Amino acid sequence: MRWSTMHIPTLREDPAEAGAPSHRLLLRAGYIRQLYAGHYSLLPLAVRVRLKVIGVIREEMNRIGAQEILMPVMHPAEVWQRSGRWYAIGDEMFRLKDRKGADLVLGMTHEETVTTLASELNSYRELPKSLYQFQTKLRDEARPKAGLMRTREFTMKDSYSFDLDAAGLDKSFDLHYEAYSRSFARMGIPAIPAEASNGAMGGSGSIEFVCPAESGEDDVVHCPNCGYAGNAEKATSTLPPADAAADAAAAADAPERFDTPGVRTIEDLARDYDAPGDRQLKTLVYVLGGELTLVLVRGDHALEEQKLIDATGKADARPATAEEIFAALGAHPGSLGAVGVTDLPVIADEALRGRSGMVTGANTDDVHVRGVDVARDIAVGTWADLRAAQAGESCVRCGSPLEVVKGIEVGHIFKLGTKYTDAFELSVSGPDGKPARPVMGCYGIGVERAMAACIEVHHDDKGIAWPASIAPFEAVVVVAQQNNAEVAEKGEQVYRGLADAGVDVIIDDREVRAGVKFSDAELVGIPFRVTIGKRGLAAGTAEVTDRATGETAEVPFDQVPKHVREAVAAAISLS
RNA sequence: CGGGCUGUAGCGCAGCUUGGCUAGCGCGCGUGCUUUGGGUGCACGAGGUCGCGGGUUCGAGUCCCGCCAGCCCGACCA
């Protein structure tokens, strides 16, 4: 490939609209251009990287025995109606009508479609089976952002496993876990596997792969000591046991009301009434599945909404409005409590179990109660882990202090169960001759997002520094003096030598100053730069420079192909 | 969907507050000379429905109203 003929529109200045490093660099280095919000054209360099990412994932999927297919982007509404998601999903699904007026869906994922294919599985002997594809997904994201990080149109590698039973699903799940771990490692993406909420996908378990990055949207609770990790929506931590003596000291025979004029917050109460946050009950009011519900957490804890949803199975959760609250409890937020409340469901966080001597609102403005014994005074209907784990709390596995890191969700694997095989009434003949319902798993990797995540991790002030495994080219031959016939010819020779040695190489044969070529090579992020110039010509050497480290080696011309090929191989095996 | 901000040449911006002759600057682009291993220097040149629509005015890039688009924060995110 020749730089002089390739479309690589690099920009000298940073584009104004780009915030995240990957967004800025993808634009500036000539990889992508925006058509409109959330929709990007991939230019030649990006297409090359995308194909390499796909290549890595494809190898790893094939390695675990998955088979590649390709399903349509556009689906009849019927299959989505059959699974129920036609009704369950809101504005995020693109819907349209064809000329006959038939309802159609632009696929945001392919569980329905693959399950219709799987109807041709007839016997347990055909299981397990994993099918995968690289296909465009369309999602009407409320807020596309950060370039390729969050778009409305993107490529996803999605795979779907079918097994005879739960044990089989576990195995397929583990195989995908391995394939994902290997894929991300090969692409130089330091993805942390984190326990995650299944969310609306349902099913019995899920792990998301999170690449730590400032620009990420996920919070992951992570133990640097033992490696435990969980999405904030799911992660737990160990708390020190409550101080029984202190509880006893604050306890009372019955809850005791006391006036707290002007007190609205946990902090007010802690400061003015000797009630530290961990001695308070925080009473939140939610509308869960249309029903007003009291949610209790410790005063110094934060509710994790997803845990509330997971614990109750009610996906339509929202905080109640001040009006709804006043109508039900007769008080405003700041003076709410669950003591004596029997007409509303109460769900409480596990950290409150067994506590006594607690302080909470009295459901009268400017009045609180103390000496509350949770077991005695509150009609808790459901106990659950509801609080958000926080940095500094103890790891549930090893007890070390946890940290909270921001990251990008680059992959997610789910145990689905039989939600879709039930809906489509899929069955195979089991070993006993009776019908058996296959259990499914689904597994996704965002291809362009993985590219963005990789850049977030591999860049510096000069530009991108791709891992060799997915770089658009492995090496660039820079002809330092294009107008010097001897230098130009030597550049061509070295270029051919590298190509013949199997190196994915581009020659920068443009009639521009050497400085421009150096800057562009660094901006674009090609791992190895082979510089041919007058200096080296006399000595019979080229300079081979490592993009990531900046280290340069003088290499005799005839050894350049071998040297670079080995350097590339080493770089690829490293990751 | 709520809050904030921004739309002027391919990119980055000034001009708007206080309306006024032909709308400017830097980068990039073209031509020529120059320079030649870290985005050279000089000269000449091309490139604009000032986001769109309406209004006020003798006159609107500038003031007013409406709309659209984009960015950031939040909500949302199967």
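Remember, predicted model here, so these are calculated numbers, not experimental data. Side-chain atoms are counted along with the backbone in the values below, which use heavy atoms only and exclude waters and symmetry mates. Throughout, a chain's letter reflects where its sequence line sits, starting with A, and its residues are numbered from 1.
In this structure, CZ of A:Arg143 is placed 16 Å from C1' of B:A69, rounded to the nearest angstrom. Rounded to whole angstrom, the span from the CD atom of A:Gln34 across to the P atom of B:G70 amounts to 7 Å. To the nearest angstrom, P of B:U35 lies 19 Å from CD of A:Gln482. Across the protein-nucleic acid pair, A:Tyr40 atom OH and B:C71 atom C1' stand 10 Å apart, rounded to whole Å. Straight-line distance from the CG atom of A:Leu27 to the C1' atom of B:C11: 11 Å, rounded to whole Å. Separating the NE2 atom of A:His39 from the P atom of B:A69 is a distance of 12 Å, rounded to the nearest angstrom. Here the P atom of nucleotide B:G28 and the CG atom of A:Leu11 are 12 Å apart, to the nearest Å. Residue A:Ile32 contributes atom CD1, which lies 15 Å from atom P of B:G70 at whole-angstrom precision.
With sequence neighbours excluded, the residues satisfying side chain to side chain contact (heavy atoms under 4.5 Å, CB included) with A:Glu409 are A:Glu208, A:Asp218, A:His412, A:Arg449.
Comparing B:C16 with B:G51, their P atoms sit 15 Å apart, to the nearest whole Å. Atom name C1', nucleotides B:C68 and B:G54: the rounded distance is 14 Å, in whole Å. Across B:U18 and B:C27, the matching P atoms stand 34 Å from one another, rounded to whole Å. Taking atom C1' on both nucleotides, B:C65 is separated from B:A14 by 27 Å, rounded to a whole Å. On the P atoms, B:G41 is 27 Å away from B:G48, given to the nearest whole Å. The separation of B:A9 from B:G4, taken at their C1' atoms, amounts to 29 Å, rounded to a whole angstrom.
Here the nucleotide nearest the side chain of A:Glu522, chosen from B:G38, B:G70, B:U35, is B:G38. Taking every side-chain heavy atom of A:Ala142 into account, B:C76 is the closest of B:U36, B:C76, B:G37. Checked against B:C76, B:G37, B:C73, the side chain of A:Lys145 finds its nearest nucleotide in B:C73.
The cationic atom of A:Lys415 (NZ for Lys, CZ for Arg) lies less than 6.0 Å from the six-membered ring centre of A:Phe173 and within 45° of the ring axis.
Ring geometry for A:His75 versus A:Trp80: interplanar angle under 30°, hence parallel rather than tilted (30 to 60°).
If you check every strand for non-hydrogen atoms under 4.0 Å, A:Arg529 touches a base.
With 3.5 Å as the limit, one finds no donor-acceptor pair spanning the side chains of A:Ser130 and A:Ser159.
Taking the six-membered ring for Trp, A:Phe184 and A:Phe209 have ring centres closer than 6.0 Å.
Under 3.5 Å, the side chain of A:Glu13 and the base of B:G28 form no donor-acceptor pair of N or O atoms.
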